[in-house]
Visitor: 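Attaching a single structure in structure tokens format; questions to follow.
Side-chain atoms are counted along with the backbone in the values below, which use heavy atoms only and exclude waters and symmetry mates. Just so you know, these numbers come straight off a predicted model, no measurement behind them. In what follows, every chain begins at residue 1, and chains take the letters A, B, ... in the order their sequences are listed.
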Amino acid sequence: HAAQDFSCTTMAFRGRGRGRGGASAGGGDAAPAARKVADPNIQWLADTITCHAWNADKTKFAMCPNNTEVRIYTKSGDDWVVEQVLDEHDKVVTSIDWGANTNRIVTCGQDRNAYVWSFKNGVWKPTLVILRINRAATQVKWSPKEDKFAVASGAKCVSICYFEEDNDWWVSKHIRKHDSTVSDIAWHPGNVLLATASTDTKCRVFSTFIKGVDERPTQTPFGTKLPFGSLQGTYESAGWTHSCDWSPSGNQLVFVGHDSTITFIDLNNGAPGDFQILRVKELPFMRVKFLDETRAIAAGHSCYPVLFTNNGGTWEYTRNLDEKKGPAKKKASGTRAAFAMFQNKVTKGQDGGVANLDTKHKNSITSIQFGPGNNITTSALDGKVVFWQV
Amino acid sequence: DETQVSSYIMANTLKPYLDAVRSTLTAAMCLENFASQQVERHNKPEVEMGCDPELLMKPVVIARNAQERVLVEASVNSLRVSIGIKQADEIEVILCKKFVRFLNQRAENFFIMRRTPVEGYSISFLITNAHTESFMKHKLVDFLIQFMQDIDKEISELKLRVNARARIVAQSFLGEFQ
């Protein structure tokens, strides 16, 4: 009798029909068809999506469905279908970046490898990158000029990789000085400075100047003398910093922390800059991106993206992009509610009403990218890619 | 009237207690996939490993009284919830131990249940990022709150049945001697 009750409640909280226990399932069957959802702005492509990235003209995107593959999607009518599957990693792919100018994809995973994929004769061919890290890679980003890319890792360092013509491979230089896993990296538009966010609760700015690859930077908020790996600035937070981003001009920096805060740093008057910390009522943000100099989008565990705008120098929380317009759903009352309550008790063994999330995403958002048109796209752990109009 | 007042107070503390547990669990359940910093190519629940202090959050105890309490230990990719169940007398202690043992032996079916409780508590749950990826977080929290309410009811019911059975057995046995 007791066991029956508990098995009922177990069935109730399972999001999908399939049972899952322990580690998530591996690659499995060939790319299954997307699940149909009424709204064309919501593409339900897998059980879980780790990351996604768009190509230059926003006609294709690459995503990882929480296994070792990277799937390239292209538009077919109103839906997005799998065009190719890139399968080279041994463990889950944690990050993908698609270079807009050079049309190269760089992927990194928890198998401590990164691959640069080039499109030749209709097929994507991988090139191994010598990262020299001994722990998982968490994030990878092409530099603005796409001659270098940075890989953040659990080895408490960031690998800056550049192409060496003599040996025809990608080599790396390490930036250490972190006390814990580096969770996110962001390139300054000047191609030299790199901001890093880490689980040691700090956001740091480093120089990645490589002789022979970079020209001496003419003007940055931190000056012009920037040897490789030098720490230019450190910004503290009270919780793990999950993500950071530079504004398009490179004069503003933003990062989000696990203490449900978002910190904006204004470097227009030089380093270290004036900062504003906004504390939000939502659950912590996982990703943040600048739209332009006065707008930024952050999204995370609350499952909806939030827009922040700069009004005359002060950043403020503007709106939740997933807000439902129109009259709020009427709360059930009277006989219907009583009936529903008893039905819940019988079928699920539960007393209280179990409300469904009325956001488009049903699980934490882990990636924000610039999509086609004026849209931004978010992918989340519920396996959906959603297009938002901003 | 004294018992009436104290039972009113007891009933009055249940809702704030469960609300506090609910908001703590909602906040603690913000987990992400995090590869181990200690061993390459491994992905372990950091709350169980306890190796890297920067990845662990401060443990929080929400206590209704000395016996009924919840310990929430969170980390970057996992969460351990330990519940102390009310055990008023010796019979309830035995019943609780047997009931929890029954559940613990079937821990795979519960997915999130830990096979042994944490020291000082009656039962523990370990929720990892793999669970929050396949299950919905708000429903996991609902399940835990419901579990806390139901287990007290179950143990009281079991105790009543034990007492009823004991009475019937005693009556039929002693009836022989009349």
Visitor: Among B:Leu31, B:Asp52, B:Leu158, B:Asn129, who wins on heavy-atom pairs under 4.5 Å with chain A?
Guide: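 Among the listed options, the one with the most contacts to chain A is B:Leu31.
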Visitor: Taking atom CD of B:Gln105 as the centre, does the number of heavy atoms from other residues, nucleotides or ligands within less than 6.0 Å exceed 12?
Guide: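 Atom CD in B:Gln105 is packed in, count exceeds 12.
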Visitor: Could you tell me whether A:Arg132 atom CZ has more than 12 heavy atoms of other residues or ligands within 6.0 Å of it?
Guide: yes
Visitor: In terms of side-chain heavy atoms, does A:Thr181 have a donor or acceptor partner in B:Gln37 at a distance below 3.5 Å?
Guide: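 Short answer, yes.
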Visitor: How long is the span from the OG atom in A:Ser364 to the NZ atom in B:Lys137, to the nearest 0.5 Å?
Guide: 2.5 Å
Visitor: Which value, rounded to the nearest 0.5 Å, describes the distance between A:Glu282 atom CD and B:Cys30 atom SG?
Guide: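 Between A:Glu282 CD and B:Cys30 SG, I get 11.5 Å after rounding to 0.5 Å.
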Visitor: Could you pull out the closest heavy-atom pair between A:Asn66 and B:Asn33, with the gap in Å?
Guide: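 Answer, listing the atom of A:Asn66 first, then B:Asn33: OD1-ND2, 4.2 Å.
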Visitor: Please determine whether side-chain hydrogen bond (donor to acceptor under 3.5 Å, both in side chains) holds for the pair B:Glu54 and A:Thr199, giving the CA-CA distance in whole Å, both sets of side-chain angles, and the decisive distance to 0.1 Å.
Guide: CA-CA 7 Å; B:Glu54 78 269 11; A:Thr199 47; 5.2 Å; no
Visitor: Taking all atoms of both residues into account, what is the closest heavy-atom pair of A:Leu283 and B:Ala27, and its distance?
Guide: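 Looking at all heavy atoms of both residues, the closest pair is CD2-CA, 4.1 Å.
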Visitor: May I have the step-by-step check of side-chain contact (heavy atoms from CB on, under 4.5 Å) for B:Leu55 and A:Ser180, ending in yes or no?
Guide: CA-CA 9 Å; B:Leu55 302 174; A:Ser180 188; 4.0 Å; yes
Visitor: Can you tell me which portion of B:Asn43 sits under 4.5 Å from chain A's heavy atoms? Options are side chain, backbone, both or neither.
Guide: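 When you check distances to chain A, only side chain atoms of B:Asn43 fall under 4.5 Å.
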Visitor: Supply the atom-to-atom distance A:Arg135 CZ to B:Arg41 CZ, rounded to the nearest 0.5 angstrom.
Guide: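 The distance works out to 11.5 Å.
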Visitor: Enter the distance from B:Glu40:CD to A:Asn134:CG here, rounded to the nearest 0.5 Å.
Guide: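 If we round to the nearest 0.5 Å, B:Glu40:CD and A:Asn134:CG are 6.5 Å apart.
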Visitor: Should A:His242 and B:Glu32 count as side-chain neighbours, where that means a heavy-atom distance under 4.5 Å?
Guide: yes
Visitor: So what's closer than 4.5 Å to chain A heavy atoms on B:Val39: side chain, backbone, both or neither?
Guide: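 Answer is backbone: N, CA, C or O of B:Val39 sit under 4.5 Å from chain A.
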Visitor: Can you tell me which portion of A:Asp179 sits under 4.5 Å from chain B's heavy atoms? Options are side chain, backbone, both or neither.
Guide: backbone
Visitor: Drop me the distance from B:Ser75's OG to A:Trp240's CH2, to the nearest 0.5 angstrom.
Guide: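 Going from OG on B:Ser75 over to CH2 on A:Trp240, the span is 6.0 Å.
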Visitor: Sort B:Ser36 into side chain, backbone, both or neither according to what part of it lies under 4.5 angstrom from a heavy atom of chain A.
Guide: backbone
Visitor: Under 6.0 Å from the NZ atom of A:Lys91, do we count more than 12 heavy atoms belonging to anything else shown?
Guide: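 No.
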Visitor: If you measure from CE on B:Met136 to SG on A:Cys303, what distance do you get to the nearest 0.5 Å?
Guide: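 So the gap between those two atoms works out to 10.5 Å.
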